[in-house]
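Below, chains carry the letters A, B, ... as their sequence lines are ordered, and counting in each starts from 1. These numbers come from the heavy atoms of this one structure, side chains and all, not from hydrogens, waters or symmetry mates.
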Number of protein chains: 2
Amino acid sequence: MPHVAELAHKLKKAGYKLTPARLAVIDVLESGGEHLCHNQILEAGQKIYPKLSRATVYRTMDILVELKLMRPLYLNEPTQRFVSAAGGHHHLVCTRCGQTIEFDDCTANELVDQLADRYGFQIHHHLLEFRGVCVNCQ
Amino acid sequence: MPHVAELAHKLKKAGYKLTPARLAVIDVLESGGEHLCHNQILEAGQKIYPKLSRATVYRTMDILVELKLMRPLYLNEPTQRFVSAAGGHHHLVCTRCGQTIEFDDCTANELVDQLADRYGFQIHHHLLEFRGVCVNCQ
DNA sequence: CAAAAATTGAGACGGTGTCTCAATTGTGGC
DNA sequence: GCCACAATTGAGACACCGTCTCAATTTTTG
Ligand SMILES: [Zn+2]
Ligand SMILES: [Zn+2]
Ligand SMILES: [Zn+2]
Ligand SMILES: [Zn+2]
């Protein structure tokens with residue numbers, strides 16, 4: 001959950017204008033929770049700034065990803081969704097009811113180091129996704 | 001890389017007919033490598049069985065997923081791709097050139113147990129995705 | 001062989017992501 | 001505050017993808 005002020009400031013600093021359309025998008029990102037997709041951002045953004053168009057949402061998200069402020073991911077759907085760019089992301093998904101639990105503890109650091117070593121990668125973030133059947137669905 | 005014979009046999013066993021269209025799809029899956037998407041399966045399948053249609057590819061893949069013989073996943077694209085259903089999947093992706101390394105060693109077993117414990121999940125498989133910059137792109 | 005059931009391909013459809021273009025808007029210099 | 005210019009915008013066109021329907025075909029059953 002990035003701060004409006006923070007995203008806006010970095011956008012400005014990178015040479016982009018702070019237009020109402022962009023501010024609406026940023027506002028949505030700050031207050032709208034995780035895993036938002038373009039359409040959700042558009043719909044919520046139009047409540048703040050009705051003229052907001054689909055193209056602008058796509059363009060603004062492109063910029064935010066380019067600046068590494070947000071990060072796209074896919075959650076078992078053909079829909080691109082966005083999370084703030086820092087750190088890893090960890091999901092526990094029930095394949096029957098679709099429930100998605102987000103958990104924080106991450107034991108992947110060790111593995112990150114190994115991989116960085118072996119393949120010469122600079123690893124920036126990761127997505128761990130575990131899939132199975134939740135308590136209710138068993 | 002599942003065996004044609006194996007997929008075909010399980011399909012038959014589950015009560016589905018082994019039609020030329022389905023056999024073409026299965027043939028592609030067996031010989032076509034990992035991470036195939038619907039379109040790739042369609043195009044390759046039409047070389048084996050020219051009448052093969054898009055709808056049938058989608059329907060056949062639905063069945064294979066339903067029977068837990070194949071598993072869908074998304075790799076930083078809005079495109080659903082398929083891998084054989086068993087085990088985990090581990091990717092190292094370069095965010096600059098898109099190169100995807102597949103690695104096998106998995107240190108997630110411990111975490112799997114923890115999660116199963118804490119949330120009561122039966123965990124069936126997982127996808128670990130690490131993203132960063134590869135040697136060439138640094 | 002006839003009837004019923006399963007499967008198929010073709011095409012229509014709505015939704016999504018991309019692109020173009022003319023109109024609008026924000027900004028720095030005055 | 002105003003102007004000129006470049007950046008940004010919204011609307012709409014477009015291609016593509018996944019879904020659905022339906023009539024025709026194929027397979028199974030009696
Ligand atoms: Zn998440
Ligand atoms: Zn569940
Ligand atoms: Zn893979
Ligand atoms: Zn690279």
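Distance, A/Met61 CE to D/dT9 P: 14 Å, rounded to whole Å. As a whole-Å value, the separation of B/Leu42 CG from D/dC16 P is 14 Å. To the nearest angstrom, P of C/dT25 lies 17 Å from CG of A/Leu18. In this structure, the CG atom of A/Leu52 is 13 Å from the C1' atom of D/dT8, given to the nearest Å. Taking atom CD on A/Glu77 and atom C1' on D/dC17, their separation rounds to 15 Å, with Å as the unit.
Between A/Arg22 and D/dT9 there is a side-chain N or O to OP1 or OP2 distance below 4.0 Å. A sub-4.0 Å separation between OP1 or OP2 of C/dG9 and a side-chain N or O of B/Thr56 is present.
Between A/Thr56 and A/Leu52, the shortest heavy-atom contact is CG2-CD1, 4.0 Å.
Between B/Lys10 and B/Glu6 there is a salt bridge, since at least one side-chain N of the basic residue sits less than 4.0 Å from a carboxylate O of the acidic one.
Neither side chain, A/His35 nor A/Gln40, offers a donor N or O lying under 3.5 Å from an acceptor on the other.
Contact check for B/Arg71 versus B/His89: side-chain heavy atoms found under the 4.5 Å cut-off.
Clustering of Ile, Leu, Val, Met, Phe, Trp and Tyr by side-chain heavy atoms under 4.5 Å joins B/Leu127 with B/Leu73, B/Leu75, B/Val83.
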- Query: What is the per-nucleotide protein-contact pattern of nucleotides 18-30 of chain D, from the 5' end, where B denotes a base atom under 4.0 Å from a protein heavy atom, S denotes such proximity for sugar-phosphate atoms only, and - denotes neither?
  - Reply: BSB-------S--
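With ring centers used as reference points, B/His38 lies under 6.0 Å from B/Phe82.
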